[in-house]
Structures are given as C-alpha cells and as structure tokens.
Amino acid sequence: MKHLPAYYTFWHILGHYGLRWFAFAVLLFLMLPILVIVPLSFNAEPYFSFTPGMVSFDLDAYSLRWYADVFSDERWMLAVKNSFIVGIAAAVIATILGTVAAVGLSNPAMPFKRLITAFLLSPMIVPLIIVAAGMFFFYTRFNLVGTYFGLIIAHASLGVPFVIITVTATLAGFDRSLYYAGLSMGARPLKVYWDIVIPLIRPGVISGALFAFVTSFDEVVLVLFLAGPEQRTIPRQMFSGLREQISPSILAVATMLILISMSMLVTLEMLRRRSERMRSGAY
Amino acid sequence: MPLDRSDVFLRFDNVKKSYDQKTLVVKDFSLDVAEGEFLTLLGPSGSGKSTVLMMLAGFESVTSGDISISGKSITRTAPYKRNIGMVFQNYALFPHMTIAENLAYPLQVRKMTRSDIQDRVGEYLNLVELHGFRGRYPGQLSGGQRQRVALARALIFEPSLILMDEPLGALDKKLREQMQYEITRLHEKLGFTVVYVTHDQTEALSMSTRIAVFNDGVVQQCAPPAELYEKPSNAFVADFIGENNFVNGHVDTIADGMAKITLPEGGTITAVAAHGLAANTRCRISVRPEKLYMQDDRGAHDNQVSVRHVTHYYVGDFIRYYFKLQGGGDINIKFLNDSAAPDLKEGDIASLVWFAKDCIAFPA
Ligand SMILES: Nc1ncnc2c1ncn2[C@@H]1O[C@H](COP(=O)(O)OP(=O)(O)O)[C@@H](O)[C@H]1O
Ligand SMILES: [Mg+2]
C-alpha cells in the first residue's frame, strides 16, 4: 500500500478509506448477481438457491447435471446453433457495411458527413421496441417474419453503428498521406484500401465485428417480434425457460454466456493494446 | 529564363486552384521545367506550394488551366497512372510492412517477377546504404533512415519525375544537411527530374538548379540560385531571399537601366532600375548588408551616405552594425570579425559606401 501524504488529518484518512470501501461495495453490488449464478449452476438439486450441502462444501451437493441437461436438450441446442448462425452472419454483414461506411465518411470530400453519420448511428439511439415494431410491420409485407434472413439483416442493422464507431476511431489516426503514397506508386484506390488501409485499421474492424456479434448474441426484443420457433436464439430460449420450465439449466447456460463474454472482452482489450503498440511504433 | 519549347518536360499552363470556389489559393501559375532539372518551389508557409504539388501528383483537381508532361496533358489522368514518385514530409512509409516490402510495393503493383523485385530492392537498398535494414519495420528506424527509405521507394520504380514536399522538415539541422547532400547525389547519379517544395531558402539555394519563389499563389520569380540572390526581380524576392536593407527614395532620372535617386536627406545615389521603375516616382532601394562598406575600407565606390551608429551585435564570425540614416530609415552592415572591425560608440557618425551595381531600386 502507498504511503498516505504526511499532511493528512484524521478526516482525510477516514475519507480515503471510506471512499475505498464505498467503491468496493458498488463493485460487489454490480458483480454479485452475476457471480452467484456460477456456483448455483453446479447445484445437484433443481433449486435456484444454495442447499445446505453446497454451503458446507459437500462435493455431492455439486454436479454437472444441468450442463448435461442443456447439451442433451434439443431446444437448447437449436438455440445455441441459431444464436451462432444469426450472430456470425449478422456480424459479417454489419462489419462489411460498417467498414465501407466509415471509410467513405472519412473521405474529406464526402458531403453531408454529419447528417449521414447521425442517420447511420440512429439504430443505437432509437428505442429497440420501436425498431422492432417498425420492422415487424415492414417484414410482414415481404414475408420476412419468421425467417433466418429477416432476423439476420435486422441484427446486422443493429451492429452497423458499432462497427462505424470503432472503425472511424481507428481511421481518425490514419495518415492520409499513406493512401496518397500508395496511389503515387501506381496502385488503384481499391488495391490501396486492401493492401494499406484495411490492414492498418484491422484492430478497429475486428473489435467492431465482436461488438456486432455480441449485440446480436444477447438481443431479445427483435427476436421476440421477428423470429419464429425455428429461429429461437439463446436469450429467447432463456426468456421462455424462465416462464415455462424453471430449471437450473438456465443457470448453466448463463454461466457459459459469462465465459463467452469474458473471453470477448479479453480479446478486445488485447486488440486495443496491439493497435496502440502499432501506432506508437510507427510514428 | 524561359525554356526553349522543345526542352520543356513539365509545363504548368495558367493553373489556378480554389478549394472553396471563392478564393484562389493558386492564381495563374505558369512554369516550365526541363528534363533533369532540380526545380524548387520556395515560399512562405501557406503560400500554396503543397497545393501545386498535390495537383501535379493528381491528389487535388485543377480548377482551371493545364499541366502537361512531355507535351501530353495529365490534368485528367488518374494519380495512379501518372508515374510520378513522391516523398512526403512524414515519410508515409507503410508501418505494417518491412523496409524491403515497402520498397517492393510499387514493383509488385507493376507485376514484376519475384526475382526481378528482389534484385531491384537490393540495388536500391544499397543505393541509400540501408542494406542491413531490409527486414526491419519503419517504426524501428531513425528519422533520417526512414527518409532514405522513403526516397528509395519513390525512386525504385524509375519514375521520370520525383516530387518532394518539405521532405527534410522533420529532421534536425545536421541530418538535414546530410540528406540534402544525399538527395543531390542521387539526383546527379540517376538524372531524374525533381520538383521540390520547401520554405527553407538555404536548402533551396544549395540544392536547386532553379528556384521558383512563390507567394500569394503567384510565381514571383523563377531563376537559378545565384541570379535570384543577385538580381531579384521584385522587392518580395529581394526581402525573402537572404537579407536586405530597404531605403526609400525618389527617382529623378533613368538612363541605361540605371536610376539616379534622391534620398530623403538630400543626397543622391545611383542604383540598378528594376523592371517597372519610372522616373519621378517613389522607390525602395535594396542593398545587402554584406555589400556595404565603411568609407575607409574601399577607395572606389559609386554611392555614399552618412549614418549615425545605433548599436552593434557580436555574431561570431562577423559583427553586425546598426545605423540610422539622417533622413530616417535603418540600415545594417556585416563586418568581418577581425582587428580591422571599427570600434564605434552610439551616436558616432560614419560613412557607408557601395557600388551602384549592388543596389536595386524597386517601384514603391
Ligand atoms: N484541402 C484543403 N481544403 C481547403 N483549403 C486548403 C486545403 N489545403 C490547403 N488549403 C489552403 O490553401 C492555402 C495554401 O496551402 P498549402 O498549399 O498547404 O500551402 P504551403 O504548402 O505553401 O504551406 C492555405 O491557406 C490553406 O489553408
Ligand atoms: Mg505545405
């Protein structure tokens, strides 16, 4: 522990430690509901609470039965498959569209830049329920309700703003003379983008793609409106699981989701550090 | 110095540029460059030099006028088809590629075979003395080394024209001088044509075959370095290149290119009449500090004025003396720092002399 400044009075010291404890309490408040799920998912009994056996660390009170349940339940397996199909497809579409949009918006000659940016970012600001309702009425006309394609493009549109934001952020540090240098050496604009621009903004593109994937992965409102029974995703299955068949398998799924989210956060942080290194090393 | 029509390699023909459709950043820019020349665009910052270069490279459109290379207009040619090499101030090396990959890029674009690329890259790495660095990344090189890579990368596809926009601006003084030598050496060895942009007159004077002094979007004068220094064609150039004293006067008569001028205090002097100078008008006379002498050092002279000593500064290799003219106006001279340097006190009266050919009268 660091030494406190010598001029500290009793009240300073009280404030110092008081603030620490308060911050710790807030952290606990935020984390506890999530952390509590993890041990409960190993419950040997079909309860959502700690059994006396669990509290006394009796190994028999713990089991993997809910995990086994999830992996043997075809509804859960379908939901997992759907979540990944929709999430990956939506992330790919959102990444391509968002990257192209961000690159276009970074061109100094682009007119109406602010207006177009605001328009493209609007899915992030407009309440999801409104987007969902609007899409529902729109989709019924084209028979897109209850189709994979409909759900995928709906989720892609939610992911685009994230990609635009992360790619624009990396492009802000991009030196335009690199682009000019590529042209002067005889490469066509598309080749320069492919060889020079895209590799240099790759960290932004990848973190945008991860954000787009996560957005789709835990989205439930659009799924409720637009998906049929075949397109049920994990959050949708949890939603109905909570109401219909209360079983700790939900906790097992939740634990696995926490693990996935955490690994994504770690990936993002590693990407951020890498791009920082690249920038500081290059200039 | 207008070029013979057949010698012209690069030509700017009444080129104008406006970014906002209102104000012209480049006004009526016309210039001919011969093959193999080292032409420098010299001008204060914001005068539109980079804009001219960007139009030449094709990154900015030409508002009106025409740019042609070897008689063919390139105004509507895409930048990637112009075959012009470019060196940027911030090097613009691709940070994710090694030095060898950076050099290979323009050759890959031209679909050269792998072994040809390898040979050429090796050759140019030798040329800029960076052979041991082929596998390094730009971030691992010093500023001077990066600039040499940038130079090699602009030269490696053998363009006939190389553009450089303040390429040495980011280097310290010593490195800058080394790189000036390096660039001049490569220019002499390989014989490409250079259009070089700088705001540093020393750099321009020491490297160029010709300098175009640029201000307010217009070429003020285009001439070889010595001519620019000795025979500036207007007061801006006289002031911008080197140092100059400016003294006001009144033109009495002009004969054979020489003007008889009356100074405010009543004395008369003779000066070279600049283009556009008319008799019976006011004028500004320029004379360089190193062309002025104190009376006793030289017998022969054409002009003489009486001045009052104000102060002097010890610079090292020379001493700079400041004087006031009797009819108003300041004048300073440089005196070699030797035992002959006069010991003047404030208020002392001295007499300055110089030759008529060393001073120019510009229209006021
Ligand atoms: N892309 C641009 N858009 C608008 N104005 C510009 C642009 N580039 C340069 N200018 C303006 O043109 C003028 C000349 O700039 P520049 O050619 O960069 O001068 P220099 O290179 O001589 O310093 C400046 O007033 C600058 O503000
Ligand atoms: Mg400039």
Side-chain angles (χ1 to χ4, degrees), chain A residues 99 102-104 106-114 166-167 169-209 270-283, chain B residues 19 50 53-54 56-61 77-97 101-112 136-141 143 146 149-159 161-167 170:
Chain A
T99 304
V103 166
S106 77
N107 187 334
M110 176 84 196
F112 308 116
K113 211 173 281 186
R114 281 169 172 274
T166 56
V167 174
T170 37
L171 274 173
F174 185 81
D175 175 7
R176 217 171 156 69
S177 59
L178 292 175
Y179 173 71
Y180 289 147
L183 290 184
S184 79
M185 284 178 248
R188 285 165 182 273
L190 269 182
K191 184 166 170 59
V192 179
Y193 275 115
W194 190 253
D195 292 343
I196 315 296
V197 182
I198 299 293
L200 290 175
I201 61 171
R202 191 173 291 150
V205 175
I206 295 176
S207 51
M270 272 162 37
L271 279 171
R272 197 185 60 75
R273 287 190 189 181
R274 206 185 95 124
S275 70
E276 233 164 51
R277 252 207 322 278
M278 235 163 118
R279 235 176 243 174
S280 59
Y283 297 104
Chain B
Y19 284 107
S50 296
L53 224 56
M54 296 293 258
L56 180 49
F59 307 141
E60 282 292 349
S61 62
T77 308
Y80 50 89
K81 285 187 182 151
R82 293 193 185 193
N83 206 34
I84 294 175
M86 182 133 185
V87 181
F88 297 83
Q89 174 169 6
N90 56 0
Y91 322 118
L93 298 177
F94 306 137
H96 59 303
M97 296 185 183
E101 285 165 352
N102 264 279
L103 291 191
Y105 191 71
L107 307 178
Q108 276 164 8
V109 170
R110 284 169 176 71
K111 307 245 179 333
M112 276 176 60
R136 299 260 193 111
Y137 284 88
Q140 297 168 302
L141 300 189
R146 285 184 217 176
V149 177
L151 197 59
R153 193 183 60 174
L155 294 171
I156 198 166
F157 58 100
E158 298 179 341
L161 179 60
I162 302 281
L163 313 184
M164 305 192 199
D165 193 351
E166 315 223 5

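Convention: sequence-line order gives letters A, B, ...; per-chain numbering from 1. Excluded from the calculations below are hydrogen atoms, water molecules and symmetry mates; all remaining heavy atoms, backbone and side chain alike, are included.
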Contact summary for [X] and [Y], nearest pair of heavy atoms:
{"X": "A/Ala187", "Y": "B/Tyr105", "answer": "CB-OH, 3.6 Å"}
{"X": "B/Asn90", "Y": "A/Asp175", "answer": "ND2-OD2, 2.7 Å"}
{"X": "B/Val109", "Y": "A/Gly186", "answer": "CG1-O, 3.2 Å"}
{"X": "A/Leu183", "Y": "B/Phe59", "answer": "CB-CE2, 3.9 Å"}

Does NZ in A/Lys113 sit with more than 12 non-hydrogen atoms of other residues, nucleotides or ligands closer than 6.0 Å? yes
Side chain from CB out, backbone as N, CA, C, O: work out which of these in B/Phe94 comes under 4.5 Å of a heavy atom of chain A, or both, or neither. both
Reported CZ-to-CZ distance for the pair A/Arg176 and B/Phe88, which is rounded to 0.5 angstrom: 11.0 Å
Give, for atom CG of A/Leu178 and atom NE2 of B/His96, the distance between the pair rounded to the nearest 0.5 Å. 8.5 Å
Does the side chain of A/Tyr180 come within less than 4.5 Å of B/Pro79's, by heavy atoms? no
Would you check if B/Met97 and A/Ile196 make a side-chain contact, meaning some heavy-atom pair closer than 4.5 Å? yes
Mind ranking B/Arg82, B/Arg110, B/Met86 by heavy-atom pairs under 4.5 Å with chain A and telling me who comes out on top? B/Arg110
